[in-house]
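Comments concern the structure below.
So that the names make sense, note that chain A is the first sequence line, chain B the second, and so on, each numbered from 1.
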Amino acid sequence: MKLYNTLTRRKDEFVPLVPGKVGIYTCGPTVYLFAHIGNFRAYVFADTLRRVLEYLGYEVKHVMNVTDVGHLTSDEDTGEDKLDKEARLEGKKPEEIAQFYEQAFFADAAKLSILRPNVVCRATEHIPEMIELVRRIEANGFAYRTAVGLIFDTGKYPEYALLSRLNLAEQQAGARTRVDPERRNPSDFALWITNQPNHLMQWDSPWGRGFPGWHVECSAMSIKYLGERFDIHTGGIDHIPVHHTNERAQNFAATGKEVVVHWMHNAFLVIGDARMGKSEGNLVTVSELEKRGVSPAGFRYLCQTALYRMPLSFTAESLSSAQNSLRGLVDFGRNAQGWPVKDAAWTEPYRQEFKDAVADDMNIPQGLAAVWSLVREGNQRQDRAAWDAILDFDRVLGLGLGKLSETQVHEYKVSDSSNVTIAVRFVASPPGTPAEVVALAEKRQAARDARDWDAADHLRRDILDRGYVVEDTKDGCSVKPRP
RNA sequence: GGCGGCUUAGCCAAGCAGCAAGGCGACGGUCUGCAAAACCGUUAUGCUCGGGUGCAAAUCCCGAAGCCGCCUCCA
């Protein structure tokens with residue numbers, strides 16, 4: 001398969017370091033607030049990457065960190081820790097804040113069918129590993145002390161600017177932050193921060209009591225769980241110039257190696273012309289989405305309509321478009337389940353198309369085109385083989401189509417006055433449909449059989465009042481929740 | 001000031017040199033007691049604009065305009 005690599009700026013052929021196996025590290029959430037759906041685009045992307053690799057037969061080890069310390073509110077390495085700040089604000093301990101928002105994060109992730117990474121690692125539980133990594137960096141001569149703590153000397157790493165293609169000479173030092181006169185280079189950053197007595201979370205270290213710089217955790221934990229050379233590192237595009245650039249520098253300073261082979265970055269979800277962000281005041285969470293009548297699966301579908309590397313427009317219109325598309329897919333599934341598998345052979349070209357698309361740098365939109373071809377042709381052929389193929393694709397799409405289209409069929413006999421069965425009718429409905437609704441549907445069919453259209457229409461109204469719509473077919477009807 | 005990205009139909013969005021995928025929406029038709037679903041058809045002689053290279057350009061090159069992100073924490 002091919003994957004775009006930020007380091008080389010082109011689609012590279014993906015060759016795993018160990019045949020058949022893939023290690024992925026994903027920059028996870030900083031658990032001091034609810035994650036918004038802009039954040040979740042990144043995790044849907046990472047999850048889809050994992051699913052694609054598994055679909056193509058790789059054994060994937062997916063590692064994700066949870067940042068619960070060391071992420072400062074400014075990059076001057078002197079600001080408040082986000083967790084500390086929120087803890088003070090809410091009058092709680094940092095651990096309580098972290099625990100609460102971590103739990104909330106994974107609850108939302110589960111709603112979005114994001115598979116839990118094989119390893120979820122918390123920064124605070126890896127302080128010894130971080131200290132060890134920093135010690136190696138220092139021993140290799142890449143660090144120096146200042147009043148702030150231990151600082152990474154980016155001048156010692158000639159390739160420092162390669163990932164972001166920064167032109168350090170032209171960068172305006174201190175254009176937006178004050179200059180620390182003790183720094184050797186404007187891009188130098190803290191590995192271990194000391195002399196911050198107000199910081200709530202502190203640990204002893206060779207450099208004094210303090211806490212790790214933000215970038216250290218990802219280097220330390222990715223290396224711990226995936227080794228000193230691993231396949232893929234994912235994150236948002238905003239991480240390229242600072243976080244990942246620094247991480248890469250640390251990796252090299254500690255190990256002497258290019259640790260990460262493929263760097264992959266997702267573009268932002270954009271609202272109108274702006275990104276979604278806390279300071280923009282346009283955050284939308286998964287719960288808010290649900291309140292607006294958009295299912296998590298609908299949002300996930302929206303994410304799958306665009307390439308992960310392209311900005312995606314998040315508007316009321318694009319959302320409802322996605323939600324409607326998903327509904328169409330689910331409707332097809334409900335119908336298709338009533339059909340026999342006639343001939344699976346005709347689905348082969350579409351299966352191939354899907355596979356080729358996702359193997360080409362995860363071109364999910366192209367894969368969706370194959371899905372819709374199957375819907376169209378499956379409908380024409382009335383062949384469940386189409387649905388079987390789509391369910392197979394859903395291992396990648398992660399829309400939960402199987403569950404969403406679940407249907408129970410209630411069959412019953414219709415008899416004449418002398419108790420002779422004259423027909424077998426059915427009512428199909430999703431699990432959880434109230435029995436009352438099914439009963440009304442049955443009653444309505446009887447009215448229809450009696451050609452009592454007024455009664456039938458009246459009953460349809462009653463069913464609608466209970467939140468369900470009826471669709472008639474030859475020998476029965478199906479009821480489903482009103483869209 | 002530096003780096004990066006985006007501009008394709010009403011909307012979302014693929015395509016990265018060889019007849020402009022797909023979805024949503026809209027409109028017309030078939031089916032239906034009426035609907036819904038489904039099916040059939042229509043919806044970009046053109047891809048921000050101007051040059052250039054090629055037999056051939058939405059795709060490559062040069063230039064312009066507009067929009068955005070990062071360089072402070074941010075997916």
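For the C1' atom pair drawn from B:rC47 and B:rA9, the interatomic distance equals 10 Å after rounding to whole Å. Rounded to whole Å, the separation between the C1' atoms of B:rU43 and B:rC31 comes to 23 Å. For the C1' atom pair drawn from B:rU45 and B:rG33, the interatomic distance equals 46 Å after rounding to whole Å. On the C1' atoms, B:rU53 is 12 Å away from B:rA17, given to the nearest whole Å. Going from the P atom of B:rG10 to that of B:rC34 covers 35 Å, rounded to whole Å. Distance noted for atom P between B:rC70 and B:rC55: 45 Å (whole Å). For B:rA14 and B:rC60, the P atoms lie 16 Å apart once the distance is rounded to whole Å. Taking atom P on both B:rG25 and B:rG15, the two are 24 Å apart, rounded to the nearest angstrom.
The separation between A:Leu7 atom CG and B:rG4 atom P is 14 Å, rounded to whole Å. In this structure, CZ of A:Arg41 is placed 12 Å from C1' of B:rC12, rounded to the nearest angstrom. The nearest whole Å value for the distance from the CG atom in A:Leu329 to the P atom in B:rG22 is 15 Å. As a whole-Å value, the separation of A:Phe268 CZ from B:rG69 P is 9 Å. Distance, A:Gln445 CD to B:rU32 P: 17 Å, rounded to whole Å. Straight-line distance from the CG atom of A:Leu163 to the C1' atom of B:rC70: 13 Å, rounded to whole Å. A straight line from CD1 of A:Ile237 to P of B:rC71 spans 12 Å, rounded to a whole angstrom. Computed from coordinates, the A:Tyr301 OH to B:rA13 C1' distance equals 10 Å when rounded to whole Å.
Remark: side-chain polar atoms of A:Gln408 are not paired, donor with acceptor, to backbone N or O of A:Ala428 under 3.5 angstrom.
Residues satisfying the side-chain contact (heavy atoms from CB on, under 4.5 Å) criterion with A:Thr8, sequence neighbours excluded, are A:Asn5, A:Arg10, A:Asp12.
Residue-level contact check: A:Arg9 touches the backbone only, with heavy atoms under 4.0 Å from sugar-phosphate atoms and none from bases. Within the 4.0 angstrom heavy-atom criterion, only backbone atoms of the sugar-phosphate kind lie near A:Ala42; the bases stay farther away. Counting non-hydrogen atoms under 4.0 angstrom, A:Leu312 reaches the backbone sugars and phosphates but no base. Nucleic acid contact class of A:Pro365 (heavy atoms, under 4.0 Å, all strands): base. Residue contacts shown for A:Phe332 are absent, as no nucleic acid heavy atom lies under 4.0 Å away. Contacts of A:His265 with the nucleic acid, taken as non-hydrogen atoms under 4.0 Å apart, are absent. A:Asp472 comes within 4.0 angstrom of a nucleotide base, judged by non-hydrogen atoms across all strands. Among the protein residues, A:Val470 comes within range of the nucleic acid bases, having at least one heavy atom under 4.0 Å from a base atom.
Considering only the side chain of A:Arg448, B:rG33 comes nearest among B:rG23, B:rG33, B:rA13. Distance from the side chain of A:Val242 is smallest to B:rC71 among B:rC34, B:rG10, B:rC71. With B:rG33, B:rC70, B:rC11 as the candidates, the nucleotide lying closest to the side chain of A:Glu317 is B:rC11. The side chain of A:Asn363 has B:rA14 as its nearest neighbour among B:rC11, B:rA37, B:rA14. In this structure, the nucleotide among B:rC6, B:rG33, B:rG15 sitting nearest to the side chain of A:Pro311 is B:rC6. Distance from the side chain of A:Thr305 is smallest for B:rC12 among the nucleotides B:rC70, B:rC12, B:rG33.
Taking the six-membered ring where the residue is Trp, A:Phe393 and A:Tyr55 present perpendicular rings, their angle passing 60° and hence far from 30°. Ring planes of A:Phe189 and A:Phe152: parallel class, angle under 30° (limits at 30 and 60°). The aromatic rings of A:His233 and A:Tyr25 are tilted relative to each other, their planes meeting at an angle between 30° and 60°.
Between the base of B:rA35 and the side chain of A:Arg460 there is a donor-acceptor pair shorter than 3.5 Å. Applying the 3.5 Å distance criterion, the base of B:rG41 shares no donor-acceptor pair with the side chain of A:Arg376.
In a base pair of the Watson-Crick type (N1 to N3 plus N6-O4 or O6-N4) or a G-U wobble (N1-O2 and O6-N3), with each distance short of 3.5 Å, B:rC60 is matched with B:rG52. B:rA14 is unpaired under the Watson-Crick or G-U wobble criterion, no partner having all donor-acceptor distances under 3.5 Å. The nucleotide B:rG28 finds its pairing partner in B:rC40, both defining distances of the Watson-Crick or G-U wobble pair being shorter than 3.5 Å. Checking B:rU72 for Watson-Crick or G-U wobble geometry (two distances, each under 3.5 Å) identifies no partner in any strand. In this structure B:rA21 sits in no base pair that meets the Watson-Crick or G-U test at under 3.5 Å. Across all strands shown, the partner of B:rU7 is B:rA65, judged by Watson-Crick or G-U wobble contacts whose two distances both fall under 3.5 Å. In this structure, B:rC34 makes no Watson-Crick or G-U wobble pair, since no nucleotide meets both defining distances under 3.5 angstrom.
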- Go through the steps for A:Val294 and A:Tyr301 under the test side-chain contact (heavy atoms from CB on, under 4.5 Å), then give the verdict. CA-CA 11 Å; A:Val294 179; A:Tyr301 186 96; over 6 Å; no
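Between A:Asp153 and A:Arg184 there is a salt bridge, since at least one side-chain N of the basic residue sits less than 4.0 Å from a carboxylate O of the acidic one. The pair A:Glu288-A:Arg292 does not count as a salt bridge, with every side-chain nitrogen at least 4.0 angstrom from each carboxylate oxygen. Salt bridge annotation for A:Arg122-A:Glu217: absent, with no cationic side-chain nitrogen under 4.0 angstrom from a carboxylate oxygen.
Within a 6.0 Å radius of CZ in A:Arg425, more than 12 heavy atoms belonging to other residues, nucleotides or ligands are found.
Nearest-nucleotide positions on RNA chain B for A:Leu368 and A:Asn335 put A:Leu368 closer to the 5' end. Nearer the 5' end of RNA chain B, as judged by each residue's closest nucleotide, is the contact made by A:Ala456, out of A:Ala456 and A:Ala267.
If you run side-chain hydrogen bond (donor to acceptor under 3.5 Å, both in side chains) between A:Tyr160 and each of A:Asn246, A:Asp188, A:Thr154, only A:Asn246 comes through.
Across residues 318-328 of chain A, A:Ser318, A:Ser321, A:Asn324, A:Ser325 each have a non-hydrogen atom less than 4.0 Å from an atom of RNA chain B (numbered order).
For the pair A:Thr315 and B:rC12, the criterion of a side-chain N or O lying under 4.0 Å from OP1 or OP2 is not met. Not one side-chain nitrogen or oxygen of A:Asn379 sits closer than 4.0 Å to the OP1 or OP2 atom of B:rA37.
A cation-pi geometry, defined here as NZ or CZ lying under 6.0 Å from the six-membered ring centre and within 45° of its normal, holds between A:Arg309 and A:Tyr4.
With its glycosidic angle within 90° of 0, B:rG54 is assigned syn.
Lacking a ring centre under 5.5 Å from that of the base six-membered ring together with a plane angle below 30°, A:Trp372 does not count as stacked on B:rG22.
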